[in-house]
Peer 1: 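Starting off with a structure, shown below.
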Number of protein chains: 2
Amino acid sequence: MKQELKSELTKQLIISKAFDLFYENGFKNTSIDRIMKATDLSKGAFYHHYGSKKELGLEVISLKVQKRVVDGMISPLNRPGNSLELLESVFIDRLRAFPFYDKQNGCPMNNLINEIGNDESVYQTALRNIIEQWKSALIQLLERGKQAGEIKREVSSSAVAIYLISAFEGIRGIRKLYHEDSVLEDYLKGLSMYLEQIKV
Amino acid sequence: MKQELKSELTKQLIISKAFDLFYENGFKNTSIDRIMKATDLSKGAFYHHYGSKKELGLEVISLKVQKRVVDGMISPLNRPGNSLELLESVFIDRLRAFPFYDKQNGCPMNNLINEIGNDESVYQTALRNIIEQWKSALIQLLERGKQAGEIKREVSSSAVAIYLISAFEGIRGIRKLYHEDSVLEDYLKGLSMYLEQIKV
DNA sequence: CAATAAACATACTGGTTAGAATGTTTTGCT
DNA sequence: AGCAAAACATTCTAACCAGTATGTTTATTG
């Protein structure tokens, strides 16, 4: 195999296993040894491709975590159609569609925010970028809805965006404490009411 | 000094220092050694009073973390007066009044929920108890507001309670990523709108 | 076909971890 | 006073941690 390709595949393997383990057990609680055991490669291989655990963490955030949020919560906002119906379908359907594993383990981004969000500024920046991208996409959609006469013009788009994100991330943490979905249904009912209110 | 009193004071000292360090550095990232260094006592003293780190963690949750939420977010809900004004003052004023340290480090309960909420069921139960107590107090206040003709009767109290809690915990995590309060102001604006809508 | 460098593996370092074992001091009780 | 137990301190262990040093194997290139 070509070296360049082989190297890239190995890095992707490490990042992928690292993401899974960070998600399940937390960032600081996951050792390089444990990650490399999952890849069936050695520690030497890791430090050949990465300079430090921090460097890996940043790649996991900017490649895997960010992609997950973009694919699941941001890109779908750009589809055509009624802005409010779009918001509903993205926020409600996605939450309902999560597999048990994801409900139990919460949001990978939110887990990292709460675990290492007050740690080092490089982590802060990487995670903040995702939030900002999400916020921007929401604002854009809300403004589109106002233009289309679907959303009240007097509401602050950035306030609605942040409130939607906050509640979503909040419930994904709280859901971890329960073994059933009733708390999720409460949230969804609360969200529906919220969206109803900004309707024109 | 009486033995019983001395023992109790020592346990309180350990719990207090443990809470501070858990808050700043996370639960798993805080060692017994580090905690006992902060108390100026020895590791032997710790294992005389506590059987394990887990036992200490549960005491910190049920005594310190719970008390913090009760004092700051639950007890104030029982004051007399207009229910909506009460909600506003509790959620908005408290968030604004947090010192820089608390804004940067987030919510102690939410940090624990996201760090160890999917870990062991004893932690889940201890943290869930706090959420349930908070939710109950909010529902009680919302029902009171409905009776007083201050809140729309058709809204689901449990849905509003969970949505309020979710958004609050969510923003306390997100705020960690920023160095200023603009994201907090967005949240507060969003919250005001939300409360306005359930008004009768 | 060599020389070279990339892609790994193995073995180690110095530090930290939860917890146990064992010692010493303080307090309580008769 | 004298004995017992509680409240600590000191020392140790076996495992784990991030990162380094030094190998060996595989691919690339002249």
Peer 1: Does a donor on one side chain and an acceptor on the other come within less than 3.5 Å for B/N25 and A/K28?
Peer 2: no

Peer 1: Nearest whole angstrom, please: distance from the P of C/dA18 to the CE of B/M36.
Peer 2: 12 Å

Peer 1: Please determine, for the side chain of A/H49, which listed nucleotide (C/dA7, C/dA9, D/dG19) has the closest atom?
Peer 2: C/dA7

Peer 1: Is atom CD of B/E150 surrounded by more than 12 heavy atoms (other residues, nucleotides or ligands) closer than 6.0 Å?
Peer 2: yes

Peer 1: What is the distance, rounded to the nearest whole Å, between atom OH of A/Y50 and atom P of D/dT20?
Peer 2: 17 Å

Peer 1: Taking OP1 and OP2 of C/dA6, is either one under 4.0 Å from a side-chain nitrogen or oxygen of A/S7?
Peer 2: no

Peer 1: How would you label the contact of A/T30 with the nucleic acid (heavy atoms, under 4.0 Å): base, sugar-phosphate, or nothing?
Peer 2: sugar-phosphate

Peer 1: Compare side-chain N and O positions of A/H48 against OP1 and OP2 of C/dC8 and report whether any pair is under 4.0 Å apart.
Peer 2: no

Peer 1: Record whether the side chain of A/K43 comes under 3.5 Å of the base of D/dG19 through a donor-acceptor pair of N or O atoms.
Peer 2: yes

Peer 1: Given D/dA7, is OP1 or OP2 found less than 4.0 Å from the side-chain N or O atoms of B/K6?
Peer 2: no

Peer 1: Looking at B/S42, I'd like to know whether one of its side-chain N or O atoms comes within less than 4.0 Å of OP1 or OP2 on D/dC8.
Peer 2: no

Peer 1: Given C/dA18, is OP1 or OP2 found less than 4.0 Å from the side-chain N or O atoms of B/S52?
Peer 2: no

Peer 1: Kindly say if A/S31 contacts the phosphate of D/dC16, meaning a side-chain N or O under 4.0 Å from OP1 or OP2.
Peer 2: no

Peer 1: From D/dA9, D/dA18, D/dA7, pick the nucleotide closest to the side chain of B/A45?
Peer 2: D/dA9

Peer 1: Rounded to the nearest Å, what distance is computed from the NZ atom of residue B/K11 to the P atom of nucleotide D/dA7?
Peer 2: 10 Å

Peer 1: Could you check how far CD1 of B/I14 sits from P of C/dA18, rounded to whole Å?
Peer 2: 14 Å

Peer 1: Determine whether a donor-acceptor pair (N or O, by modelled atom type, separation under 3.5 Å) exists between the side chain of A/E115 and the backbone of B/G26.
Peer 2: no

Peer 1: Does A/L164 offer a backbone N or O that forms a donor-acceptor pair with the side chain of A/Y194 under 3.5 Å?
Peer 2: no

Peer 1: Starting from the 5' end of DNA chain D, give me the residue, B/L41 or A/K28, whose nearest nucleotide shows up first.
Peer 2: B/L41

Peer 1: Atom CG of B/D33 to atom P of D/dC12: distance rounded to whole Å?
Peer 2: 15 Å

Peer 1: Send over the distance from A/Y47 OH to C/dA11 P, rounded to a whole Å.
Peer 2: 19 Å

Peer 1: Roughly, in whole Å, what's the span from NZ in A/K53 to P in D/dT20?
Peer 2: 15 Å

Peer 1: Measure the distance from CD on B/E120 to C1' on C/dA18 and round it to the nearest whole Å.
Peer 2: 14 Å

Peer 1: What orientation do B/F168 and B/W134 show, parallel under 30°, tilted 30 to 60°, or perpendicular over 60°?
Peer 2: perpendicular

